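Structure record follows, encoded as structure tokens.
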Number of protein chains: 2
Amino acid sequence: MNKIEILIIDDEPQIRKLLEIALESNEYKVWQAETAKEGIVLAANHPPELILLDIGLPDKNGHEVLKELRSWYNKSIIILSVINNEEDIVKALDNGATDYLTKPFRTAELLARIRSAIRRNQQAINNDTTLIFNELQIDLTARTIKKNNQLLKLTSTEFNLLALFANNEGRVLTHQHILKEIWGVGFQTETQYLRVFVGTLRKKIEDNPNQPKHIITESGIGYRFQ
Amino acid sequence: MNKIEILIIDDEPQIRKLLEIALESNEYKVWQAETAKEGIVLAANHPPELILLDIGLPDKNGHEVLKELRSWYNKSIIILSVINNEEDIVKALDNGATDYLTKPFRTAELLARIRSAIRRNQQAINNDTTLIFNELQIDLTARTIKKNNQLLKLTSTEFNLLALFANNEGRVLTHQHILKEIWGVGFQTETQYLRVFVGTLRKKIEDNPNQPKHIITESGIGYRFQ
DNA sequence: AAATCTTTATAAAATCTTTACACAACATTA
DNA sequence: TAATGTTGTGTAAAGATTTTATAAAGATTT
């Protein structure tokens, strides 16, 4: 079983050592960076489950680092700060920090917050982004779809259509409604678009496109996903 | 299992944080908006189960936001207000607010009101769309019908006819009336259509189509659904 | 140039309409 | 009464029409 990985970005060696001991004795795998630059490179090469970020780094303002990380990193970032400055904390939370801790901190509290943040990560993965229908696994935020754990290649429109279907499992969606959602108002009469795209989608996701199990046609009305 | 989603629209970060902690620790998924504009965009892109709306927003009067949301959003909106102003509350309720809370509020009370509002949402969903007659389960918006939890395949006209019957349980509907409702004015004499379609419907929904329990013929007059 | 989207054409499938006929209930007539 | 006709209903199936699926050619975007 793989250990959960945590990246520490802090310039003080004593703090890093303290965190390393606390975390490794709790079965986390620890990565360390001394500077902002080094931390961003490490995170990019090997995205950890959680980042502990010191807001008072020497080479770059911590808020800048946070923003930069948040532009692509969507798991938990816990801020470490020497000062109990509310303004700083609010700013960090607004910039996407998951939580914050003021130094000096108690190890028990640190660990509790880390557990909580990681739990939320994993719930987010399970709940928000991916929908599962038998052999199909649709990740709405990553915009990827797997069939039997095999990644499929869909075009943008195909994915939009599939996402609409998946969000309305079991419900009959009329041609007009689908066209309005995917192509916009004014396209409600272009039912042929729909036929073509349902065709390509079926070819990609159905075992037997002639006898579709997922995208069911409701003649005269629209389609239903199941 | 998906978490229930709640959108907070409030300009005060402390209040948002407080609400976030209270709600997330009670297994809700929280979305946040700092401004009215941002809140409306978020709600439109991803309609939540409930909205917590601060009536005292900086960029737009809360009452205006409420009206705008209510023009298309039909789930619960709970108003948050710093002032215990009866006039304001009455106005908000008139504009479609589900409930209100005055700051500072107790977390326990907030949670209780949220549970209550969400419960009402879900009852509304259940009541509006599906009709149940013994082993038959008819979902009017999804346009699906289940017999003993088994999905049946009906054509469009068959479903329309069944829906008309189901909406008029126990009542005798004349041939003319049914024909006018399903096929339109000018088809009132085509009683043979009706015989054919009642036949196919019975074949699909009745245990024994020769001795129908649901679609009863009233000779010389029409049919009755029970 | 490659990928994607939009149109067009046509074949196939599903659905609806119409016709034919059987059967039952009831009324009429020899 | 028995035979016959009338009317309303149900069922099957042929015919007509509508709707859908698919390929592939153009147009557009990346």
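Per chain, numbering begins at 1; letters A, B, ... match sequence-line order. These numbers were taken from a predicted model, which means no experiment stands behind them.
Judged by distance alone, with hydrogens and angles left aside, the side-chain atoms of A:Y73 form a donor-acceptor pair with the main-chain N or O of A:P48 at under 3.5 Å. In terms of modelled atom types and a separation under 3.5 Å, the side chain of A:R202 and the main chain of A:I215 share a donor-acceptor contact. One N or O on the side chain of A:E206 and one on the backbone of A:K213 form a donor-acceptor pair closer than 3.5 Å.
A:T191 comes within contact range of no nucleotide atom at all, as no heavy-atom separation falls under 4.0 Å.
Using a cutoff of 4.0 Å between basic side-chain nitrogens and carboxylate oxygens, A:K29 and A:E5 are not scored as salt-bridged. Salt bridge B:R143/A:E218: absent, no basic N to carboxylate O contact under 4.0 Å. A:D139 and A:K146 are not joined by a salt bridge, as no carboxylate oxygen comes within less than 4.0 angstrom of a charged side-chain nitrogen.
Counting only heavy atoms from C-beta outward, the side chains of B:I6 and B:E49 never approach each other to under 4.5 Å. By the 4.5 Å heavy-atom criterion applied to side chains, A:L140 and A:N167 are counted as neighbours.
Separating the CG atom of A:L194 from the C1' atom of D:dT22 is a distance of 15 Å, rounded to the nearest angstrom. As rounded to whole Å, 17 Å separates atom P of C:dA13 from atom CD1 of A:I216. Across the protein-nucleic acid pair, A:F197 atom CZ and D:dA24 atom P stand 18 Å apart, rounded to whole Å. A:I178 has its CD1 atom 11 Å from the P atom of D:dT20, to the nearest Å. The separation between A:K204 atom NZ and D:dA21 atom P is 17 Å, rounded to whole Å. If you measure from atom CD of A:Q211 to atom C1' of D:dT20, you get 16 Å, rounded to the nearest angstrom. Remark: C1' of C:dA14 and CD of B:E158 are 11 Å apart, rounded to the nearest angstrom. Note: CD1 (A:I215) to P (D:dT20) measures 14 Å, nearest angstrom.
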Under 3.5 Å, which protein N or O atoms sit close to an N or O of nucleotides 6-10 of chain D? Give each pair with its distance.
from: D:dG8; atom 1: O3'; to: B:G220; atom 2: N; distance (Å): 3.4
from: D:dT9; atom 1: OP1; to: B:G220; atom 2: N; distance (Å): 2.4
from: D:dT9; atom 1: OP2; to: B:R195; atom 2: NH2; distance (Å): 3.3
from: D:dG10; atom 1: OP1; to: B:R202; atom 2: NH1; distance (Å): 2.9
from: D:dG10; atom 1: OP2; to: B:Y223; atom 2: OH; distance (Å): 2.8

Checklist entry - Starting at the 5' end of DNA chain C, what dot-bracket string do you get if Watson-Crick and G-U pairs under 3.5 Å are bracketed, crossing pairs use [ ], other-strand pairs use | and unpaired bases use dots? => result ||||||||||||||||||||||||||||||
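Side-chain nitrogen and oxygen atoms of A:Y193 include at least one within less than 4.0 Å of the OP1 or OP2 phosphate oxygen of C:dT7. Close to C:dC5, at under 4.0 Å from its OP1 or OP2, lies a side-chain N or O of A:T155. Between B:W183 and the phosphate of C:dC16, there is no side-chain N or O to OP1/OP2 separation shorter than 4.0 Å.
Among A:F165, A:F225, A:F133, the one residue that satisfies the ring-ring contact (aromatic ring centres under 6.0 Å, His included) test with A:H214 is A:F225.
Taking only side-chain atoms of B:S156, from C-beta outward, the nucleotide of C:dC16, C:dT7, D:dA23 with the closest atom is C:dC16.
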